[in-house]
4 protein chains.
Amino acid sequence: MTKVTQAHIDARTEAILDAAMKMIVQKGVHGATIEEIAAEAGLSAGAIYRYFASKEDVLRAVIAQQMKQDRALMEQALASTDSVLHALLSAVQAVWAGLKSEKARDETILSLETTLAAARQSAELGAERRQMRKAEITMLEQCVRQAQEAGEIDPAVDGRALAVMLLACHLGAHQLDLELQDSADTDALLAGVIKMLHKFAPQVKKEEEHKPCHPPSWTDRIARKERYS
Amino acid sequence: MTKVTQAHIDARTEAILDAAMKMIVQKGVHGATIEEIAAEAGLSAGAIYRYFASKEDVLRAVIAQQMKQDRALMEQALASTDSVLHALLSAVQAVWAGLKSEKARDETILSLETTLAAARQSAELGAERRQMRKAEITMLEQCVRQAQEAGEIDPAVDGRALAVMLLACHLGAHQLDLELQDSADTDALLAGVIKMLHKFAPQVKKEEEHKPCHPPSWTDRIARKERYS
Amino acid sequence: MTKVTQAHIDARTEAILDAAMKMIVQKGVHGATIEEIAAEAGLSAGAIYRYFASKEDVLRAVIAQQMKQDRALMEQALASTDSVLHALLSAVQAVWAGLKSEKARDETILSLETTLAAARQSAELGAERRQMRKAEITMLEQCVRQAQEAGEIDPAVDGRALAVMLLACHLGAHQLDLELQDSADTDALLAGVIKMLHKFAPQVKKEEEHKPCHPPSWTDRIARKERYS
Amino acid sequence: MTKVTQAHIDARTEAILDAAMKMIVQKGVHGATIEEIAAEAGLSAGAIYRYFASKEDVLRAVIAQQMKQDRALMEQALASTDSVLHALLSAVQAVWAGLKSEKARDETILSLETTLAAARQSAELGAERRQMRKAEITMLEQCVRQAQEAGEIDPAVDGRALAVMLLACHLGAHQLDLELQDSADTDALLAGVIKMLHKFAPQVKKEEEHKPCHPPSWTDRIARKERYS
DNA sequence: TATGAATGAGCGTTCATTCAT
DNA sequence: AATGAATGAACGCTCATTCAT
């Protein structure tokens, strides 16, 4: 007899999560109220509770979704196989390219909000977050190791150290991008990272052959980049 | 004419700010209550309002203070003069050493909280934050430039790009440290950064002579560092 | 013309009342939700409103039904005719036997809930309840009177007083049984009441000849009853 | 510096409890809202939480107070020593006298409300309630035993059974009184109980010598009592 | 007729803020 | 100047009730 399909329920759930993400970004985890989230999702406050057991539950779902997307993004970026160094560079560039996207700011804020929530609230969330970071580091490390075996990166380099540095650069770049807003110079940062990776190569001469995929030549655009006001 | 000296007022103000900082770190901006802050500062809730107009006012003051301290820390770290590269490395190490200190976690949390507040609330706060980051980058860039002029870093390197990368590494390292908790491997990260800086040098041979100041040889401790579980 | 017969409507109404009774017993008048009642009755929440105007309406109906059942129970218990004292004792025992039944607890709770509702809510409900109690007392009083006329109870005894006492014992016994749960000693209470009734007999010698009907010898079981912990 | 004394706090607490009791009696445990209780106590809703941690806490306190008073009343009533039967009769009369008091109705409702809460909600409350009833029964039983030893009650009577019966009569009388309102005939009930107790005496002749203490001769007033309308 | 998604009023509770002391 | 009792607005959440399907 029910006309309301599972698809409808899923759509609503999705809408609530989107609305919640938007409000969290705008007002923060505590500042976002259920009423606002509901209004943003086109519902009344009470209706939220047909889809989530509590506000905390909504928050958890938002965070979980964001973490899943985060990891998927990196996995996918590292999936290229022709040259490991190439893949690494592609990954770096793909992630960096995200900074330019519309939702970058929101995602960064949400990520920081998650970091704080994980650092403070439930130990469970913290553990989950730690697992995610470890997995990310391990993925990067394997990538670096493969590049070393392929002779693309100096075998003397500590793979893990480089992986951690890359991840830190990634996280810091997002934060800087958020803080510097329009005047951010993340292109310069990308160029720096790429140059650094090349410096780690055994031979310094292959500096030109990797020319990236989708975002056409970030490196080139650095020169055109306006200086800070 | 007043019995209550300015010094007394300042002391109280300071105590309130310290207490607020502590509570914000523990509970977050919204989670920290005036009553808790007052108790931590040794006052009653009502007394706060003799020194600050509102809770938001307290928060703003805490953030402002944190930003001032942040900038001071970096300025001081870069004040060394004998060798610019040496100074840079010292600065990097000094900041990194902070990660190990008792208050590192608190300061990172507060910094992220500030980042979020600046990204969200008043445009004024955001502008202030942007200025701070720009100044930091400029400081680092000048440092790099000097090192290049002194022949310590390859002149072909984009100074600003390197500066941005260093700052991003710094910020990201703090965040990672917060998220990985005890299992963080910031030593490896420091080693990576140092190695990277050396890679940027024209001659690779000066790798050993900079041996740092207070925290005795982070580089050495990297080898002893246990792997992730 | 209607496909839906009156029988169907009655069956649904009955099912809803049963479900409501069950939920009221479990959760109390306020604690029972329409949704739970509906689920228990095998309907959706909205369907209830085809049979009852409001939740309060359902509650009223439940209470009315309970009061009707209450009175019917006592009328039936007193219907025996061979010996009036015998009938009285049978009635007492039948009611007491109910304490042991599965539904005793539920009925007691519902009865107390009804008592409270009658004492608080509509004056109409209160009047109805009062009528019920008066009728019960009158029934018992007539019974006692007949026993007195039959020479089974001392004619000097105030029939109404004894009737009131018997009813009070009955009500109190149910309440005690509810409160003492498994460790209740209602057998002892029954024995006391029976002994009391015999004490009221002109001659004390007929103490043995009434041996009850269904529940085999409550009196005998008293001795076996364990003491309170 | 505080002008607000402990006495003030105690007074407020008391006021809240009184208000809570009043509202519970009027609307029931669930129907009584914090706002109403606060208003009745002359406070705003939020102020309640300076004195009690939660609504449930207020309820618990009300119930605990009521139970304490209940037990105290019975203990005191049984404290007389000249004649145990006399004490028992006094106790019965004292409790019965309470039925006439202004607050009797409220206390009965509160007691029933407590009974229901104990039967349903926390097992802790239920256990407490059970303890209370057991203690009451034990007290009455000892009283009966002493009366038996003093030759005032037939030694063949089961002391515990009589005690349980007395308590049940007590509880039932309160309930009946609540339901019959003004037309209740609790005097007749008292007379019945007294007569019953005398019937249990070895010799029936001492029927006149106990003439009670404070409430002057309930027995006498029975005759004047109007019949039901 | 029956459904169950949605509403919206109202609850318990928290907490920034005020103010009599 | 400092207290902390009190306020009152707002939050998260529940649930009786409605109504499109």
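Each chain gets a letter, A, B and so on, in the order its sequence line appears, and its residues count up from 1.
Base pairing of E:dT21: its partner is F:dA2, meeting the Watson-Crick or G-U wobble criterion (both donor-acceptor distances under 3.5 Å). Searching all strands for a Watson-Crick or G-U wobble partner of F:dC11 with both distances below 3.5 Å returns E:dG12.
OP1 and OP2 of E:dT1 both lie 4.0 Å or more from every side-chain N or O belonging to C:Arg12. For C:Ser44 and E:dT3, the shortest distance from a side-chain N or O to OP1 or OP2 is below 4.0 Å.
Of the candidate nucleotides F:dC11, E:dG12, F:dT7, F:dC11 has the atom nearest to the side chain of A:Thr33. Taking the side chain of D:Lys55 as heavy atoms from C-beta on, and the options E:dG12, E:dG4, E:dA2, the nearest nucleotide is E:dG12. Between F:dC13, F:dT3, E:dT7, one nucleotide has an atom nearer to the side chain of A:Leu43 than all others, and that is E:dT7. Residue A:Ala47 has its side chain nearest to E:dT7 when only E:dT7, F:dA2, E:dT3 are considered. Closest to the side chain of B:His8, out of F:dA1, E:dT7, E:dG4, is F:dA1. The side chain of B:Tyr51 lies closest to F:dA2, out of E:dA2, E:dT7, F:dA2.
Nucleic acid contact class of A:Ala38 (heavy atoms, under 4.0 Å, all strands): none. At a threshold of 4.0 angstrom between heavy atoms, the contacts of C:Ala39 with the nucleic acid are absent.
In this structure, CD1 of C:Ile34 is placed 19 Å from P of E:dA9, rounded to the nearest angstrom. If you measure from atom CZ of D:Phe52 to atom P of E:dG12, you get 15 Å, rounded to the nearest angstrom. Nucleotide E:dC15 holds its C1' atom 14 Å from the CD1 atom of B:Ile48, rounded to whole Å. Rounding to whole angstrom units, CD1 of residue A:Ile9 and P of E:dT3 are separated by 16 Å. Between A:Ile37 atom CD1 and F:dC13 atom P there is a gap of 10 Å when expressed in whole angstrom units. Remark: C1' of E:dG4 and CZ of C:Arg50 are 14 Å apart, rounded to the nearest angstrom. Following rounding to the nearest Å, A:Met23 (CE) and F:dC11 (C1') show an atom-to-atom distance of 14 Å. For A:Glu35 and F:dA9, the CD to P distance is 16 Å, given to the nearest whole Å.
A salt bridge links C:Arg120 with D:Glu113: at least one charged nitrogen is closer than 4.0 Å to a carboxylate oxygen.
Shortest non-hydrogen contact noted between C:Leu17 and C:Val58 is CD2-O, 4.0 Å.
Between D:Ala53 and D:Glu36, it is D:Glu36 whose nearest contact on DNA chain E lies nearer the 5' terminus. Comparing B:Gly42 and A:Ala32 by the nucleotide of DNA chain F that holds the closest heavy atom to each, the one mapping nearer the 5' end is B:Gly42. Between A:Gly46 and B:Ala45, the residue anchored closer to the 5' end of DNA chain E is A:Gly46, taking for each the nucleotide with the nearest heavy atom.
No donor-acceptor pair closer than 3.5 Å links the side chain of D:Ser111 to the backbone N or O of D:Glu107. Proximity of a side-chain donor or acceptor of D:Arg105 to a complementary backbone N or O of D:Val25 within less than 3.5 Å is not detected.
Separation of atoms CD1 (B:Ile16) and CD1 (B:Ile48) is listed at 4.0 Å; rounding is to 0.5 Å. Between atom OG1 of residue A:Thr114 and atom CD1 of residue A:Ile63 there is a gap of 4.0 Å, rounded to the nearest 0.5 Å.
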